[in-house]
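Every chain is numbered from 1 and lettered A, B, ... according to where its sequence line falls, protein lines coming before strand lines.
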Amino acid sequence: MNYEQIIQLALERGFYFPSCEIYSDAHAGFWEYGPSGVSLKNKFIELWRRELVRRDRMWEIDGSQIMSENVFVASGHLASFADPIATCTKCKSIFRADKMIEEITSITVPESADLAEFDKVIEEKKIVCPKCKGSFEGIKKFNMMFKVGIGAQGESAYLRPETCQSIFVDFPRLFKTMRGKLPIGIAQIGKSFRNEISPRQSLLRLREFYQAEVEVFCNPAKLDDLPKFSEVENTQIRIMVDETIKSMTCKEALDSGLVPNKLVAYYLGLLVEFYQKTGIDVARSRFRKLGEKEKAFYATVAFDFEVETNTGWLELVACNYRSDYDLKSHGNTSKEKFEVMDDETKVLPHVFEISMGIDRSLYTMIEHRLREDKENDRVVLSLEPYLSPVHVGILSLVKKDGLAEKTDEVYMMLRKKYDTFLDHSGAIGRRYRRLDEVGAPFAVTIDHQTLEDNTVTIRNRDSMSQERIKISDLDSHLARATAFP
RNA sequence: GCGGAGUUAGUCCAGCCUGGUAGGACGUCAGCUUCCCAAGCUGAAGGUCGCGGGUUCAAUUCCCGCACUCCGCACCA
């Protein structure tokens with residue numbers, strides 16, 4: 001199914017829609033989740049907790065979205081999360097100053113250079129707008145962080161551009177109070193904010209978005225000392241090697257040197273096992289090692305986990321080996337001690353990060369699972385039962401003869417434990433179709449026979465087949481069928 | 001941010017050229033019918049035509065600005 005069809009489903013079935021849409025001053029890059037979207041998101045997060053946080057005995061925290069200025073002085077975002085931009089006075093086109101200068105003159109001015117240096121080169125080399133030959137106004141820095149004013153004085157603070165800064169800042173306390181031992185993963189789900197120049201394609205590039213991040217703190221001397229690696233050594237991952245994607249086990253990726261150490265290989269394996277269970281087609285995924293120029297300013301080694309969608313390859317997760325960049329820097333700026341003891345030795349931990357984009361993942365789950373069943377004239381969202389916004393529809397075949405009342409009884413019995421949808425009205429086939437579109441894996445139908453022997457039919461979304469079971473067996477049947485793997 | 005195309009009911013779209021304040025399909029709701037896969041019949045709700053300004057006796061329609069959406073470019077931890 002293509003992008004337009006996904007959007008249409010999202011709008012019609014309550015997955016997501018534009019924020020503040022009734023007002024004309026609404027800004028681009030902000031979207032809301034409706035009931036179906038929230039239900040799907042919650043289940044995705046629960047799966048993430050199971051497959052990463054609990055499996056690997058991580059700690060999960062929930063930090064503030066607004067953080068103080070010093071956090072971003074230390075993290076480097078204040079200086080580096082900004083691009084030097086040149087604006088044409090005539091056609092108002094905006095260019096990345098460093099890239100434009102390099103293209104035209106082959107002179108490399110570092111991105112972080114003083115702004116006057118850019119101006120100097122532009123003046124000396126008489127650089128004009130590549131589009132309209134207009135002249136440039138002075139170089140400015142465009143920082144992608146949202147600045148906020150705190151209190152009556154409006155003191156500077158920022159909406160976090162990545163959730164992980166909370167984890168770094170909290171690390172000393174957490175390690176002491178939670179009796180930490182390296183390696184330890186600290187996880188967080190939350191919102192991040194980036195003032196993108198051009199947000200696009202609904203959930204794929206947002207200005208306010210959800211991240212699920214894991215920061216693994218480790219002893220850099222022990223990156224290959226990881227017994228639990230055996231759990232994933234035979235897990236298949238797909239990785240780019242010289243422009244082609246190769247499928248191999250984590251062990252092969254490690255042995256061939258494509259992945260630098262066991263710790264990284266272990267988490268790449270966990271990640272793929274997680275995504276397999278989201279229903280995203282991992283046969284259309286790849287890890288791509290980023291080149292020097294593509295990497296974030298804090299990363300020494302970086303792999304993007306990407307999946308193929310109708311809009312092209314889409315980055316779902318950034319896996320960055322951040323070394324001691326963050327802890328060292330926060331240590332220097334705050335004077336807090338970040339060294340910890342590991343086997344009688346004092347070490348400043350290194351960090352390996354798994355930074356997941358939730359919104360993009362949800363989009364991909366829908367795209368990979370939405371199909372048109374032409375034979376039966378329906379659209380089906382074949383989500384895994386444990387991820388479906390609605391677990392089970394509860395329908396009366398007809399309303400009269402006491403069937404509606406009986407249906408209500410069944411609904412009351414199940415509604416607290418499962419995500420249910422009660423529906424009495426309209427043609428039965430139409431109600432089944434509606435449930436198919438929100439991905440409900442089951443539909444229970446109460447018919448006349450129910451009144452006689454307390455059995456109901458339960459319909460399977462994908463096969464459209466039905467079986468008759470006792471009402472008293474419904475709970476155990478559904479519990480089994482909707483359980484997380 | 002640039003260029004192009006759009007914005008009319010929950011969704012998809014017609015109407016605009018040739019100004020006189022809106023219509024279809026699907027969907028939704030109610031009733032009838034129907035004991036199992038978008039059937040049928042009857043009825044109903046739902047739109048200040050993206051926002052602001054201009055021209056005009058009169059603007060959904062013409063003009064301008066802005067916002068948003070999509071596509072391309074640029075950007076993208």
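- For A/Ala302, the side chain to side chain contact (heavy atoms under 4.5 Å, CB included) test picks out A/Leu290, A/Lys295, A/Ala299, A/Asn320, with sequence neighbours left out.
- In this structure A/Ser329 satisfies the side chain to side chain contact (heavy atoms under 4.5 Å, CB included) test together with A/Ala74, A/Thr333, sequence neighbours excluded.
- Here the nucleotide nearest the side chain of A/Arg378, chosen from B/rG1, B/rC68, B/rA38, is B/rA38.
- The backbone N or O of A/Gly63 lies less than 3.5 Å from no partner atom in the side chain of A/Ser166, so there is not a single donor-acceptor pair.
- B/rC12 atom P lies 12 Å from atom OH of A/Tyr3, rounded to whole Å.
- A/Thr420 pairs by the side chain to side chain donor-acceptor pair (under 3.5 Å) definition with nothing, not counting sequence neighbours.
- Separating the CZ atom of A/Arg459 from the P atom of B/rA38 is a distance of 10 Å, rounded to the nearest angstrom.
- Using cut-offs of 30° and 60° on the angle between ring planes, the pair A/His477 and A/Phe442 is perpendicular.
- Side-chain contact check for A/Asp453 and A/Thr455: at least one donor-acceptor pair (N or O, by modelled atom type) lies under 3.5 Å.
- Evaluation of the ring pair (Phe, Tyr, Trp, His ring centres under 6.0 Å) rule for A/Phe171 yields A/Phe175, A/Phe217 as partners, not counting sequence neighbours.
- Nucleic acid contact class of A/Ala318 (heavy atoms, under 4.0 Å, all strands): none.
- Nucleotides of RNA chain B nearest to A/Lys295 and A/Leu397 differ in position, and the one nearer the 5' end is that of A/Leu397.
- Distances were taken from every side-chain heavy atom of A/Gln8 (C-beta onward) to each of B/rU11, B/rC76, B/rU69; the shortest belongs to B/rU11.
- Atom CH2 of A/Trp313 and atom C1' of B/rC76 are 19 Å apart (whole Å).
- Nucleotide B/rG6 holds its C1' atom 13 Å from the CZ atom of A/Arg200, rounded to whole Å.
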Original post:
Dot-bracket for RNA chain B, 5' to 3', counting Watson-Crick or G-U wobble pairs under 3.5 Å, with [ ] for crossing pairs and | for inter-strand pairs?
Top reply: ((((((((.[[[[.)....(..]]]].(((((.......))))).....[[[[[..)....]]]]])))))))....
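- Counting non-hydrogen atoms under 4.0 angstrom, A/Glu162 reaches nothing in the nucleic acid.
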Listed pairs, N/O of protein and of nucleotides 49-54 of chain B, under 3.5 Å:
unit_1, atom_1, unit_2, atom_2, d
B/rC51, O2', A/Ser24, OG, 3.3

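- Here the separation of B/rU61 from B/rG54, taken at their C1' atoms, is 15 Å to the nearest Å.
- Between the side chains of A/Tyr158 and A/Glu69, a donor-acceptor pair is found at a separation under 3.5 Å.
- Of the residues in residues 424-434 of chain A, those placing a heavy atom less than 4.0 Å from an atom of RNA chain B are A/Ser425, A/Ala427, A/Ile428, A/Gly429, A/Arg430, A/Tyr432, A/Arg433, A/Arg434, in numerical order.
- As judged by a 4.0 angstrom heavy-atom cut-off over every strand, A/Phe209 is placed among the base-contacting residues.
- Nucleic acid contact for A/His77: none, since no nucleic acid atom lies under 4.0 Å from a heavy atom of the residue.
- Using a 3.5 Å distance cut-off with no hydrogens or angles, the side chains of A/Tyr275 and A/Ser361 do pair a donor with an acceptor.
- Rounded to whole Å, atom P of B/rU69 lies 12 Å from atom CG of A/Leu11.
- A/Phe17 has its CZ atom 15 Å from the P atom of B/rU69, to the nearest Å.
- At the heavy-atom level, A/Glu437 lies under 4.0 Å from base atoms of the strands shown.
- Between A/Leu203 atom CG and B/rC76 atom P the separation is 22 Å, expressed in whole Å.
- Evaluation of the side chain to side chain donor-acceptor pair (under 3.5 Å) rule for A/Asn261 yields no partner, not counting sequence neighbours.
- Comparing B/rC66 with B/rG20, their C1' atoms sit 28 Å apart, to the nearest whole Å.
- In this structure, the CD1 atom of A/Ile7 is 9 Å from the C1' atom of B/rU69, given to the nearest Å.
- Between A/Tyr16 and A/Tyr33, the two ring planes are perpendicular [angle over 60°; tilted spans 30° to 60°].
- Remark: A/Lys400 is not in phosphate contact with B/rC32, judged by side-chain N or O atoms under 4.0 Å from OP1 or OP2.
- Residues passing the ring pair (Phe, Tyr, Trp, His ring centres under 6.0 Å) test with A/Tyr267: none are found, sequence neighbours excluded.
- For residues 349-361 of chain A, proximity to RNA chain B is found at no residue, defined as any non-hydrogen atom under 4.0 angstrom from a strand atom.
- Not counting sequence neighbours, the partners of A/Leu451 by the side chain to side chain contact (heavy atoms under 4.5 Å, CB included) test are A/Leu403, A/Lys406.
- If you look at A/Phe274 and A/Phe44, their ring centroids are closer than 6.0 Å.
- In this structure, the side chain to side chain contact (heavy atoms under 4.5 Å, CB included) partners of A/Phe17, at least two apart in sequence or on a different chain, are A/Leu11, A/Glu21, A/Glu32.
- Toward the 5′ end of RNA chain B lies the nearest nucleotide of A/Met464, the other residue of the pair A/Pro199 and A/Met464 mapping further downstream.
- Taking only distance into account, the side chain of A/Gln466 meets the base of B/rC36 through a donor-acceptor pair shorter than 3.5 Å.
- A/Ser192 and A/Glu162 form no side-chain donor-acceptor contact under 3.5 Å, judged by distance and modelled atom types alone.
- Within the 4.0 angstrom heavy-atom criterion, only backbone atoms of the sugar-phosphate kind lie near A/Gln201; the bases stay farther away.
- For A/Lys399, no side-chain nitrogen or oxygen approaches OP1 or OP2 of B/rC35 to under 4.0 Å.
- One can find a donor-acceptor pair under 3.5 Å joining the base of B/rC36 and the side-chain atoms of A/Asp447.
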